[in-house]
Amino acid sequence: MKKEEVQEIFLKIMKEEEDVSAGVAAIRTLLSVIENYKVTTVRELDLNMQLAVEAMKHCDQPVTAISSGCELFMRFITFAKLDFTDFEECEQIMLQRGNIFLNTLLEARGKVAKQAMPFITDGCKILTHSRSRVVLQAMLEAAKANKRFEVYVTMSCPDNSGELMHKQLVAGGVDATLILDSAVGYIMEQVDIVMIGAEGVTESGGIINKIGTYLLGMAALELKKPVYVLTESFKFSRIYPLDQQDLPKEFKYLSSVLKSGKDLTKEHPLVDYTPPAYITLLFTDLGILTPSAVSDELIKLYL
Amino acid sequence: MSPSKGSGKDLDDKFIDLIGKFVSDIKNGKLRGSNNIALSMVTLLETIISDSQNATAYELCTAVRAAGRRVAAALPHELVASNVTRRILRAVRDENRAHANQVNQTVEGSGESLQRLVLAAGARRATLGAAQHDLREPLRDHIAELRGELESSVSSVCGQAKEHVHGDEVILTYGASALAEKFLRAAPRTYKLILAEGPETAESHAMAHRLSTAGISVTVVSSASIYAVMSRVNKVVISVSAALGGGAVLAAAGLSAVTQAARHYSVPVLALAPLYKLCPVHATDASYFNALAPPHSALPYERHECASDNVHVYAPMYDFAPPDHITLFITNLGGSSPSYMYRLLSELYDPNDYNL
Amino acid sequence: MEIDKENVVQAVVIMDTFNDHFNPISKCKPMSLLPVAGVPLINYILESLAHGGVGEVILFCCQDGPTIKDYIRKSIENKAIWSVTMDVQVMMSDSCQTMGDVMREIDAAGLVRGYFILAGVNTITNINFGALLEQHKQLCKKDKGAAMTLVYKKVAWEHPLIGSDKPIFLAADANTNKVLMHHKYKPKSTEKSISLPLEVVLNHSEVKLHHNLADANIALCSPSVPPLFSDNFDFQTRDDFVHGILINEEILASSLYYTLLKGNQYAAAVTNWKTYQTVCRDVLHNWAYPLSFETGSTEQNNYLFMGNHIFREKSSTLSRSCSLIEDVLIGSQTHINDNTVVSKSVIGKNCVIGNNVTITGSHIMNNVVIKDNCKVLNSFIDEQCTIGENSVIENGTIIASNVVVDAGSQLKGTLLESSEVDKEKSLMKSTSECTEWENESSGSGGDDFIGFEKSWSSSESCYSSDGSDESSLPDSPVPEDTNIFLQEVIDSLARGYEEKLKNDYLILEINSSRYAYNIQLHEVNFFVVRALLSMPVLAENKNVLNTVKDILKYFRPVLSNYIKTKSSIMDCLRAVEDSCIKCEWLDGKSGQVLHLLYEADVVDEDSLIEWHKDLEENESPIANQTSLVKFFDWLEEASEESDDSD
Amino acid sequence: MSSTDNKSREDVMAARQAKKLAKQKGKEAAPEQVQIPAEAQVKPATPVQQEKPSKPEPKVNSLKSKDEVDKAVLKEEKVIVADKSKDDIKAERAAKKAAKQAKKKGATEGGDAPQDKPQVAAAAPANENMTVKDVVETLRDIAIVAKEIQGVTDKVIDLGAKKAEDSSKSKAELKAERRAKQEAQRAAKQAAQEKVVAKPKAEAKAAPEKDATSVKVEKAVKPKSTEKPKVKSQGSHRVNWFQHLYKEHDKESLKTIAINSNLHPAIIKLGVQLASRVVSGSNARCIALLDALKKMVRDYTLPAKTEFARGLEAHLASSLDFLWAMRQPSASQTNAVKFFRYHLTQLPNNVDEFDAKKTLQEEIDRYIREQIDMAGEAISIAVRNKISNGDNILTYGCSSLIERILLDAWAAGLQFRTVVVGSRVQPAAQHMLRRLVARGLPCTYIDITALGFVMNTVSKVVLGAGALLVNGSVLGSAGSAQLALAARARNVPVLVACETHKFCDRVQTDAFVYNEIGDPDDLIDKNDENSPLKDWRTNPNLTPLNLTYDVTPPSLVTAVVTELAILPCTSAPVVLRFKLSEYGV
């Protein structure tokens, strides 16, 4: 099996389906790997998987979601393996269950949006950062339920993903305003709540998200505004960063950059780590959790 | 998902009458005190369960849920009633699971979890599967258990008084509350109590009087001088009307002033919250917190100001303290920190029942 | 509750107010279904009775009994909260014209078993009736004669509940709370002093004087009350009763007491549009807790609170740009469009409010449609109305149900009813009332709801208008004899007119002689008018019509007391016809007389026209009198011009 | 409640009446009419009034006429001084006499009627103190009245702070005195009539019932009856951290002072007013003090061969001792005194008495004008610039300065809503509300417990201050700190309006070091008669504690608005230093 092929599948998914998140894409890739590359033993399968994961991590995409997604899927495989002895049948089951698994993941976003609904009250002002599909969906649904609220979207350099977010909100009939990243402090005192997505949720209950989130969190805490994180549960991952430096490099930089071997201190990191202290609640498809509940979930799964 | 979102339709009339009686009892003040309300709610549901003709999990869930919804609609501020309903529902679900011994018996707890997600057994959907057992028998035990817990809860909360209140401390409590009073009585009498009068002055004073006659040295201060005395206080003891998801607290109006002051002087705040007061709603749902009490307490109606057109007089019923203002919740099971509330909730209730 | 019939607390609710303060609304729907803050009055009283531990309620209806009956039936089916603890029975009797009659009826039917609560349907309160009644019973143990305990709420003198209703002055023994003197001012009365009989002070060690009481129309009654009413047929209203008792306490061997509500108890009565406003506001501001705009519905908490006492039903929808200022209640399914401003108003269910509409201080009932760019100020719009574009409705305009107001119409202080004729009439009326507004608003400056002042002043307001030009004709014949009753009435009226006696007394006199000669009601109506028109003064007088005018003006209350219903109006007209034939000095002036009556708002067109019809049918001598013809022509064209006016 | 409402209405009437009479320069006819309308508004028919003026009749009348006279001349202060002081003495005498009578009556027959007993009991200890107490009690009742009138006659704001305070105050006094005498009479008559037939007494009660003065009669008696237990049990009812504060509070001090000492009547009156909180609010207290001093200076007669400054100094000292014994000096007062002393010492040794008095009085006037009146104006302007349309301004309790600010801002056409926060124990806020509403400001009234409910809609918090301490903390009426805290929790800016004459060089970090213990009985719910707290004196474990002030730390205050500038409250020392260089105080 070729590394390139895997990457190709993955990138294809990413390209074709706008609103599928990297994590899901990764898992789907893995599934298709199982389908397409017939193997005879569990061991081979594992190898394949690892290979595929590696491959995806190196195709120049933000890697946080990918890794957590894969991690979860691997876990899924191991569980599946345990149940059956005969590999053939095992593989079948795996595929079939894999799809169920995938579907639950796809439902997740909807659930999260539903959770967040009551928190978007009539006439409130919301500040959000960068572009998050979950946040977007939540807001659009709220707008549908004719709630009247204002949204401030940060530009969020370097890729200005905020602009897209803003466009989509306005299209969805939400009263949205685009602001500079540096205007966060200024706008913060007017807003009622901060609502952001996450690329990954760490064991500590903190989040890894588009660069600038940390700053946002700090400002919010200073002005005593609640910070709500909307995220699907497959973004939970078992890393525990102590500080920004401690974040895995591949999270912070594109693999291309890493390969190029430039001096990383001169590079812009893509994500930063926001410790749990700055987060009020996480809305996930598992329900509304306090940061401390995250580790609970992970422990239940991995120990 | 949760069965039948339909309204009271799926209840037959005798139940509806029962509920009506229950509601009017509470409304006419025949039935007072969260604990009593909880207990009589249990009895109500028990009768509903035992009288419903076919007692499959689904039927029972539907009936109980409908009843709960009806009560909640009539008395939106008796959160306790809803909590009890959720407890019973949970019991029903558990029993059902126990019978239809499903794969995910291994999974402790219920509702969503990463683990279940990964196990990818769509089984969760089959929670109320077509298992046709009659659940009344086992449920009876559950209900008895629950009732026992309710009856004992106050005493078991007060039992912990000694661990928290030591001699020669200065304790501040706010407003009148039967629970807080019992708690304070249970503690060794050597401490000094500062009682800040709440919105219902008369009750607060009465409580102060009772405690003082019980041999506790009580100092009564007005709600305006809480901040002034707070710097001398060692602990704040308050009884909440509901402990919310995420560790926030719903209590008598004016509480936030107390907790803020306490936080400002970093005085620990103990919130007395028996399990039946834990409720899985979140602080946003405005309808709970904007409940208005009659403004007489603030300004007597006789004053013509309050009749003049550009004057508004407010007296909120509840106040709301964020999780970080509370140091410790004291439940029947012992102390637990606000950040751990989510856990207690998920142990008590089934996530599907969070909103009835 | 069936177990011990004896201990069940009984309450009698009188479902009519026996006045026309809420015309035309009260014409087309029973008072009890008039919504206050979106909830029919009846729900308030029932719920508060249930709260107060009342076990059995008798609703006594004099009009639209059936409507009320099946309203009650419905709400019992819907398991209204009160239906659990209370059993409610609806009594009907169309013969009752006053509260006195009702009480006599009750006595006759022996409905009450013992002590009972007497309340009006227009009462809104959160008091605990049971406790109060108990208190009254205790009191009766002390004083066997204790007949009634009146319940009052003490408020500031400036309070609208007093300012806009009849203020009461009350003197009572401070120790026993025994009422010694009870005096009701005319609304807005200027009399500064009241004379307190000396003995009141001498005979009691301590005397309390109250001048700032709001009457909540609640009374706690001993079993002796209904009989008292039966014995004294001249007791028409509760005030008659009170006065009667006080004046001849010894004879009736019964006494009155009063009690004041505590600080946290609320009680008020909706007696006119102004108090209606006040009470609505109080309900919105939650003074009447636990009563609220959700009273009567088992579902609570369906309203979203948006600060500044703004509440909207969950299912109502607001457009982004519309703004609610303060004290607003919006019912379910109502939609409010862009740039609309609402303040201090109640909007019912299923309404549609257009763009750029301004609504202030108004009450809009269910299913009303208000098109774009309208202005609605201090007005009341009843159900199923439609207001066309760009129309301005202000100054206490009151629009009855099913009216369609054409686009661009300007209404000031008007009464609108669905039928065309009425509309035209009311427009005419409005001219007079508008003047009313000005001088009133100047009187009480900056009063928001000045519009609703009309409600009680309407009766007076009508004589301020004099559109008719009388030609004075000289003649002085002698009055011919009619039967004794008529004579008596004439005498008393004449005396009353000379000595300027209070109308109430005259009414009493007339009633007493009525009972004495036991005359049917419609006859009474007939003879009273007849008497009015055949008073000796007229005979001597030169300028008959002016005198007639004065007489009408002076005896307006008497008339309004008798000439209420349609039938009574016909009686009245027949009387006019009769007297025009019989009395020379009215010869040929029937038209003018009618005009006066009409101006005085004693008679209304449709009855006039109807009457005119059967005049022509049984060609009566006056049918073709020039004046009469003139009058009806004028009536015709008046209607026309008013038609093209809007 | 409404009984006071009721009362207030008639008092207003009475006030108007009085003014009218005043116009006709106090004829002899005046007095009778004056007191009739006071009660007779509602029932002219009662014979009581006629037969009312019993024994002390003539004197009282003369006094009354005096009253009218000086009401008449109330406008120009020069004259008022003389009158007030004079009839003041009389007031005291009247009261004393009355009391003596009462006592005599009581003594003669050992209290057959219940009403009598307390009198005897009370009269026993020391009639001196009791007379004062008598006045105190009555005056306390009048306190409300005074406020009402302030409310009605909006002078308070129109003619700047100085006039306002003065006029309202003097009104209060006048009313106070008249009431005092009426009370005296009534008390006397009460006693007298006990032994007479029941009837007249009955009327005596019937009459007052309406204008709620009978309530007062009770009041005037009750406190004395409860007097004994109070004194006895006081020791046990002291919250131990406040031991150091209690002695300042208890009314014992009233006993010790001798009325017939060489104190100036104005001083004595002020003392009583302070003790009974008739004059409250730091501005009012300051002005009252200066006014009293002015009178004292004017009437001061220099003893033979003593230096003016020294002689007056001595006199001043004794009077101040008395005053401070009555109530702790507020920062404003101490500053005022400092300032007065300073100018006293500035006087050249060989100064002529007349000039000295003249200069001193002028200085006092200047102080009031500059430090209070103009300062107030400056502050009002400064704050107004911070208020913008659509704001929600939250304020606490009642402060003449804040009221002025708000009314000015409203008059200036700003559109804002005021949220008045009150607490059950201090009714002041309700009077504030009343006055604001009277001027048509849209208001919201809440109890302090409802703070959390409104705070998220509030855009600014404006507080008054008792004093600004040199470490930047603000000494305000109990509860202000709580507001500041709640505001901080919502990031709402907190402005403290405080003239620089209230800056003081004390340092204080919490509400315990220095505070005042209010009357514990204020905590007890007035309008339910069997309040569970009512018998607290007999219950050693139960202590109602009624603090007057609390201290807001600088961290919670966004800015202090002074007439100099809008400052961070940490720069209090700077201001003090500046003032020292400016005024030498």
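In what follows, chains carry the letters A, B, and so on, assigned in the order in which the sequence lines appear, proteins first and then strands, with residues in each chain numbered from 1. Atoms considered below: every heavy atom in the structure, side chains included; atoms not considered: hydrogens, waters and symmetry mates. Being a predicted model, the structure only gives us computed values, none of them experimental.
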Subject >> Derivation and outcome, side chain to side chain contact (heavy atoms under 4.5 Å, CB included), residues A:T290 and B:Y340 >> reply: CA-CA 8 Å; A:T290 48; B:Y340 196 64; over 6 Å; no
For [X], does the [atom1] atom sit with more than 12 other heavy atoms under 6.0 Å from it, leaving out its own atoms?
X	atom1	value
A:Q96	CD	yes
A:Q190	CD	yes
A:Y240	OH	no

Subject >> Spacing of A:Y228 atom OH and B:H282 atom NE2 [to the nearest 0.5 Å] >> reply: 9.0 Å
Subject >> Value rounded to 0.5 Å, distance of OH in B:Y342 from CG in A:D296 >> reply: 3.5 Å
Original post:
Is the backbone of B:S339 close enough, under 3.5 Å, to the side chain of A:S292 for a donor and an acceptor to pair up by distance?
Top reply: yes
